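Below: the structure, in structure tokens.
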There are 2 protein chains.
Amino acid sequence: MKEVKRRNTRQRNVVLSVLKNTHSHPDAEWIYQEARKIIPNLSLGTVYRNLKILKDQGKIIEIKSEFSPSARYDAEVSPHGHFHCTTCDSIIDVHGVRSGDFIDETVLKGVGKVASFQVVFYGTCASCLSRNS
Amino acid sequence: MKEVKRRNTRQRNVVLSVLKNTHSHPDAEWIYQEARKIIPNLSLGTVYRNLKILKDQGKIIEIKSEFSPSARYDAEVSPHGHFHCTTCDSIIDVHGVRSGDFIDETVLKGVGKVASFQVVFYGTCASCLSRNS
DNA sequence: GTAATTGCAAAAGATTTGCCCCATT
DNA sequence: AATGGGGCAAATCTTTTGCAATTAC
């Protein structure tokens, strides 16, 4: 993506604020539906374009999961992991991920220079466990 | 996916052996092209179907990266992480990564029951670093 | 013989892009 | 006024699926 002077648009602000107001790690379609409640004639393409820009700017995180066909997004950008429940499809934040040791190790092993990382756990979340017990 | 008695087909064997013979973490299309050298009339749909079956059987791993539009595959199934070089697009194995090293198990216990996990580092690999220095 | 599997092609789903008009700076 | 951004729709890319024919067991 080329370096351009970004303008301050209502659409981009709404996309970001919708994402900041949820912990559900939604996909583009969900964000689109929510944002439409505020800007009814918003288009899905604009949502995708802005998600990419916001990701580039480091204001949001994109989550790629083996169990989700579409990318999921998160406005919490401090380093943390995710737990994807394969039963109810919800994604839960996992704080306290000790990435430092691993990044060091990776660097030490001569693999390369780490810029960021993603950790996703798969399994059954606590709610689903108790629901089926 | 329903439980069925799996048959031993040439197509599935070839897909698996193609993947076992590389460390490049290829996508379905690459596997398809390689496998076609052995079974010329193989179809891409069959490759996708078999990748899904092999994953279900735990014989291969699927890697979802923020920087790859298509899923990548790995026939090395022992728990390990990956490093995706955002310069040359190669994916490198990072061994010695265990979930317990990443996150306090007790924290994870409260979230749910973990069945598997995925760790992907993003950055610039050693080859690309030296090439551009 | 029976049911799983394949090849083919169409379909589906997710994301990107061209174009022209509008809005921000 | 200049140009980034939006809406819309078409296009692209990846993956899935229906179906009739084939193959493994």
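Throughout, a chain's letter reflects where its sequence line sits, starting with A, and its residues are numbered from 1. Note that the structure is predicted; figures quoted are calculated from it, not measured.
- Nearest heavy-atom pair across R6(A) and Q57(A) is CG-NE2, 3.5 Å.
- Distances shown here put every side-chain N or O of N41(B) at or beyond 4.0 Å from the OP1 or OP2 atom of dC8(C).
- Contact check on D74(B) versus K55(B) returns no salt bridge, with no Lys/Arg side-chain nitrogen under 4.0 Å from an Asp/Glu carboxylate oxygen.
- Between the CD1 atom of I31(B) and the P atom of dT15(D) there is a distance of 10 Å, given to the nearest Å.
- No side-chain heavy atom of V94(B) sits under 4.5 Å from any side-chain heavy atom of H82(B).
- If you check residues 7-17 of chain A against DNA chain C, the residues with a heavy atom closer than 4.0 Å are R7(A), N8(A), listed by number.
- Across the interface with DNA chain D, nearest-nucleotide mapping of V47(A) and Y73(B) shows V47(A) to be the residue nearer the 5′ end.
- The minimum heavy-atom distance linking L19(B) with I60(B) is given by the pair CD2-CG2, 3.7 Å.
- Residue R6(A) places none of its side-chain N or O atoms closer than 4.0 Å to OP1 or OP2 of dG4(D).
- Checked against the 6.0 Å centroid criterion, the rings of Y122(A) and F67(A) qualify as a close aromatic pair.
- Using a 4.0 Å cut-off, some side-chain N or O of K52(A) falls inside it from OP1 or OP2 of dT16(C).
- Going from atom CD of E62(A) over to atom P of dA14(C) covers 14 Å, rounded to whole Å.
- For dG18(C), the base has a donor-acceptor partner in the side chain of R49(A) [N/O atoms by modelled type, under 3.5 angstrom].
- Taking side-chain N and O atoms only, Y48(A) has a distance below 4.0 Å to OP1 or OP2 of dT15(C).
- K64(B) places its NZ atom 14 Å from the C1' atom of dC13(D), with the value rounded to the nearest Å.
- We find that CZ of F67(A) is positioned 13 Å from P of dT16(D), with the value rounded to whole Å.
- Distances shown here put every side-chain N or O of S43(B) at or beyond 4.0 Å from the OP1 or OP2 atom of dT6(C).
- Each end of the helix from dG1(C)-dC25(D) to dT25(C)-dA1(D) gets its own axis from five base pairs, and the two axes differ in direction by 40°, given to 10 degrees.
- Here the side chains of L51(A) and I31(A) are in contact, with some heavy-atom distance below 4.5 Å.
- Distance, W30(B) CH2 to dT14(D) P: 16 Å, rounded to whole Å.
- Here the side chain of S68(A) pairs no donor or acceptor atom with the backbone of S65(A) at under 3.5 angstrom.
- If you measure from atom CD1 of I39(A) to atom C1' of dA23(C), you get 13 Å, rounded to the nearest angstrom.
- Counting only heavy atoms from C-beta outward, the side chains of V111(B) and F121(A) never approach each other to under 4.5 Å.
- Across all strands, N50(B) comes closer than 4.0 Å only to sugar-phosphate atoms, never to a base (heavy-atom distances).
- Each of T46(B) and R36(A) lies near DNA chain D, and the nucleotide nearest R36(A) is the one positioned closer to the 5' end.
- Of the candidate nucleotides dT15(C), dC8(D), dC19(D), dT15(C) has the atom lying nearest to any side-chain atom of S70(A).
- In the model, S116(B) has no side-chain atom that pairs as donor or acceptor with a side-chain atom of Q118(B) under 3.5 Å.
- Nucleotide dA24(D) holds its P atom 15 Å from the CD1 atom of I53(B), rounded to whole Å.
- Rounded to an integer number of Å, the gap from CD of E66(A) to P of dT15(D) is 13 Å.
- Side-chain atoms of D89(A) and H84(A), non-hydrogen and from C-beta on, do get closer than 4.5 Å to each other.
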